[in-house]
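In what follows, residues are counted from 1 in the order of the sequence shown.
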Amino acid sequence: MLSMRFYVNDIPNEPIIEGLNILFGRSNIEPFASRFIRSAFAVLPHQTSVMVGELGAFDDVGGTTTWRDRFDELDAEAIEIIVSTSRSEISVRRSMRPGTPIYVSYDRECLVVSWRFEEAVANLRNPTPNAEACALYVKHGPTITRDQIIAGVYMLWPGEAVVLAADQLVFRPIQDDAVVVPAAITNHARVTDALLEIIGEAASSVVAAAQAPLLELSGGLDSSCVAVAVRSQRRQFASYGLIHHGAVGIQQRERRAQIVELLGLDDHEFAPDAPAPIEGLFRAEAHVTPFDDNHRQACAAAMDALTFSTDLVLTGIGGDELAMTRTFTREPWEVPGTSCPSALISVAARADMFMRRGIWISNPLTAPSVVDFCRALPTALRNGRMFNMLLLARAGLSDGFLFPRHTEGFGHTMQREAALFDFHGAMSESIIGDLRLLDYSDLLRSAAQASNGGFSYKLIMELYYLMKLERVLRRYVR
């Protein structure tokens with residue numbers, strides 16, 4: 001959402017607006033260049049407050065003057081930077097809505113806060129791997145951790161703040177741990193109607209401002225619910241999807257055709273393996289950030305192949321948060337919080353590939369208003385994604401759409417690729433091995449055995465993240 005370089009010596013300076021940027025001496029706050037991003041600042045005694053946020057962050061909060069008092073209530077993605085001359089400190093806080101990754105590093109009296117991983121790394125004098133973070137990454141992929149794979153690079157998560165004071169970074173939550181729990185509904189309630197309205201409202205600001213919005217439409221329940229919810233807001237909408245091969249692809253194409261016809265979408269189909277996930281790791285774009293989507297290269301190729309320009313992608317990725325129970329629990333190594341890990345990770349991991357192309361990405365399913373509404377639903381409506389199915393059935397989709405014969409996950413694409421891939425050869429020269437970050441010999445032995453007996457999804461993903469880690473470290477570690 002923004003890129004900031006702030007030097008401690010610039011704290012006493014008054015802010016100056018220069019185009020889209022806000023300057024404090026040689027320090028610079030640069031919002032992501034998009035029609036969907038706004039910025040504002042307020043100069044108070046001994047303090048300057050700067051806010052960068054998605055369009056909805058400035059709605060219904062009294063313009064750009066009272067957002068400071070209602071920051072915790074925002075239903076949109078936003079970041080506030082507070083520069084305090086009286087305390088000689090800088091604080092940065094994020095609203096609760098999941099969105100772009102925000103990396104933080106501090107070195108040489110310069111604080112970097114940026115959606116670009118490479119900017120946070122470049123701020124360090126001598127980038128070195130964080131061995132513990134690297135081991136977690138290979139085992140679990142991108143997770144809700146503070147420390148990243150490069151020592152001294154951290155992630156600032158939604159609902160958190162980081163303060164630079166007395167030459168130290170301190171991270172803390174900005175809101176309490178209260179969560180909505182399931183409740184009862186009245187006899188005549190139609191929660192699907194209300195949910196459609198709430199999802200639509202969560203996307204309304206960006207949809208209204210978009211010149212050429214594009215729906216990610218896999219044909220799954222989440223993306224289809226988003227499509228139904230936002231379609232009424234515009235006369236024309238484009239969509240795209242990665243279409244599987246074989247019988248699964250035939251089913252996916254037939255199911256997507258229903259919703260494309262129902263909503264009158266301008267639809268575009270692309271292959272799921274052009275390039276395939278593991279093959280895509282050898283492209284330079286895959287080496288920029290570890291916090292990435294494993295189908296990045298196929299989605300990126302789709303964006304590059306579009307015959308028109310798009311400025312906004314609407315996605316439903318990470319909608320597990322709405323249907324799962326106990327979505328506020330975390331693993332011991334993860335940062336505490338109440339937002340569902342699947343939503344935080346999936347949204348942040350998809351943002352980079354679109355933003356590199358100047359495209360803003362928005363996911364209305366992760367808006368706090370949508371999440372709290374779904375968490376309040378009775379368990380019977382959440383189990384098996386019942387409310388998703390009710391919503392789509394009432395929209396006019398067939399029973400065959402709701403209950404497909406084949407599972408349309410992308411795991412089988414990676415299984416086929418992994419069975420034919422030479423993992424030993426790819427890791428024969430390794431910075432991970434040279435630096436003794438972790439011993440991956442057992443992983444390679446498992447790959448050799450699986451090439452004859454079949455790869456489990458767990459093994460494939462560990463091998464994938466091992467190779468992803470290798471290529472990212474090669475870029476940054478000297």
Could you tell me which non-hydrogen atom of [X] sits nearest to which non-hydrogen atom of [Y], and how far apart they are?
X	Y	result
Met427	Ile432	CE-CD1, 4.5 Å
Arg382	Cys374	CD-O, 3.3 Å
Gly316	Asp222	O-CB, 3.3 Å
Arg330	Ser339	NH2-O, 2.8 Å
Leu435	Val477	CD1-CG1, 4.1 Å
Val228	Ile259	CG2-CD1, 4.3 Å

* Asked: Going through the checks in order, is the side chain to side chain contact (heavy atoms under 4.5 Å, CB included) test met by Arg172 and Ile174?
  -> CA-CA 6 Å; Arg172 58 178 176 80; Ile174 63 172; 3.9 Å; yes

* To do: Please step through ring-ring contact (aromatic ring centres under 6.0 Å, His included) for the pair Tyr457 and His412, ending with a clear verdict.
  => CA-CA 9 Å; Tyr457 293 152; His412 67 276; 8.6 Å; no

About how many Å separate [atom2] of [Y] and [atom1] of [X], when rounded to the nearest 0.5 Å?
X	Y	atom1	atom2	value
Leu420	Gln415	CG	CD	12.0 Å
Leu381	Leu390	CG	CG	6.5 Å
Thr413	His244	OG1	NE2	6.0 Å
Asp75	Met96	CG	CE	10.5 Å
Asp273	Ile243	CG	CD1	12.0 Å
Ser362	Leu314	OG	CG	6.0 Å

* Check step by step if side chain to side chain donor-acceptor pair (under 3.5 Å) holds for Asp267 and Ser239. => CA-CA 5 Å; Asp267 190 51; Ser239 59; 2.6 Å; yes

Crowding at [atom1], [X] (>12 non-hydrogen neighbours, <6.0 Å):
X	atom1	result
Met386	CE	no
Glu261	CD	no
Asp304	CG	yes
Glu132	CD	no

Heavy-atom side-chain contact between [X] and [Y] under 4.5 Å:
X	Y	answer
Ile185	Pro378	yes
Phe237	Leu215	yes
Leu365	Ile199	yes
Met155	Val104	no
Ile359	Asp311	no
Phe308	His268	yes
Arg38	Met51	no
Ser114	Leu2	no

* Structure fact -> Applied to residues 133-147, the side chain to side chain donor-acceptor pair (under 3.5 Å) test, sequence neighbours excluded, yields Arg146-Glu160

* Applying side chain to side chain donor-acceptor pair (under 3.5 Å), which residue pairs with at least one partner in residues 342-353 are found, sequence neighbours left out? -> Glu216-Arg350, Asp293-Arg350, Arg296-Asp352, Asp352-Arg356

* For side chain to side chain contact (heavy atoms under 4.5 Å, CB included), just list the numbers for Val180 and Val371, CA-CA rounded to whole Å, side-chain angles, deciding distance to a tenth of an Å, and then say yes or no. => CA-CA 9 Å; Val180 175; Val371 172; over 6 Å; no

* Asked: Has Arg116 got its NZ or CZ under 6.0 Å from the middle of the six-membered ring of Tyr103, at an angle within 45 degrees of the ring axis?
  -> no

* Asked: What do the steps show when you test Gln258 against Ser398 for side chain to side chain donor-acceptor pair (under 3.5 Å), and what is the final call?
  -> CA-CA 8 Å; Gln258 288 188 43; Ser398 71; 2.9 Å; yes

* Asked: Are the side chain of Ser95 and the backbone of Ala76 linked by a donor-acceptor contact shorter than 3.5 Å?
  ->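 Yes.
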
* Is there a donor-acceptor pair under 3.5 Å between the side chain of Gln252 and the backbone N or O of Ser218? ->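 Looks like yes, one N/O pair under 3.5 Å.
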
* So which pairs with a foot in residues 331-342 pass salt bridge (charged side-chain N to carboxylate O under 4.0 Å, His left out), sequence neighbours left out? ->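 Pairs touching residues 331-342 that pass the test: none.
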
Using the six-membered ring wherever Trp is involved, compare the ring planes of [X] and [Y] and label them parallel, tilted or perpendicular (cut-offs 30° and 60°).
X	Y	result
Tyr476	Phe117	perpendicular
Phe455	Phe423	tilted
Phe270	Tyr240	perpendicular

* Asked: How about Phe282 and His287: are their ring centres within less than 6.0 Å of each other?
  -> no

* Asked: Taking the six-membered ring for Trp, are the ring centroids of Trp360 and Phe354 within less than 6.0 Å of each other?
  ->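 They do not qualify: ring centres at least 6.0 Å apart.
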
* To do: Could you check Leu443 against Leu459 for side chain to side chain contact (heavy atoms under 4.5 Å, CB included), going step by step and ending with a plain yes or no?
  => CA-CA 8 Å; Leu443 203 53; Leu459 176 58; 3.7 Å; yes

* To do: Applying salt bridge (charged side-chain N to carboxylate O under 4.0 Å, His left out), run through Glu285 and Arg357 and close with a yes or a no.
  => CA-CA 12 Å; Glu285 184 174 353; Arg357 290 162 170 78; 2.7 Å; yes

* Structure fact -> side chain to side chain contact (heavy atoms under 4.5 Å, CB included) test vs Tyr465 passes for just one of Pro290, Cys134, Pro142, namely Pro142

* Asked: Would you call Arg97 and Glu77 a salt bridge, using N to O less than 4.0 angstrom?
  ->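 No, this pair does not count.
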
* **Basic-acidic side-chain contact under 4.0 Å: Glu408, Arg256** =>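 The answer is no: the pair does not qualify as a salt bridge.
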
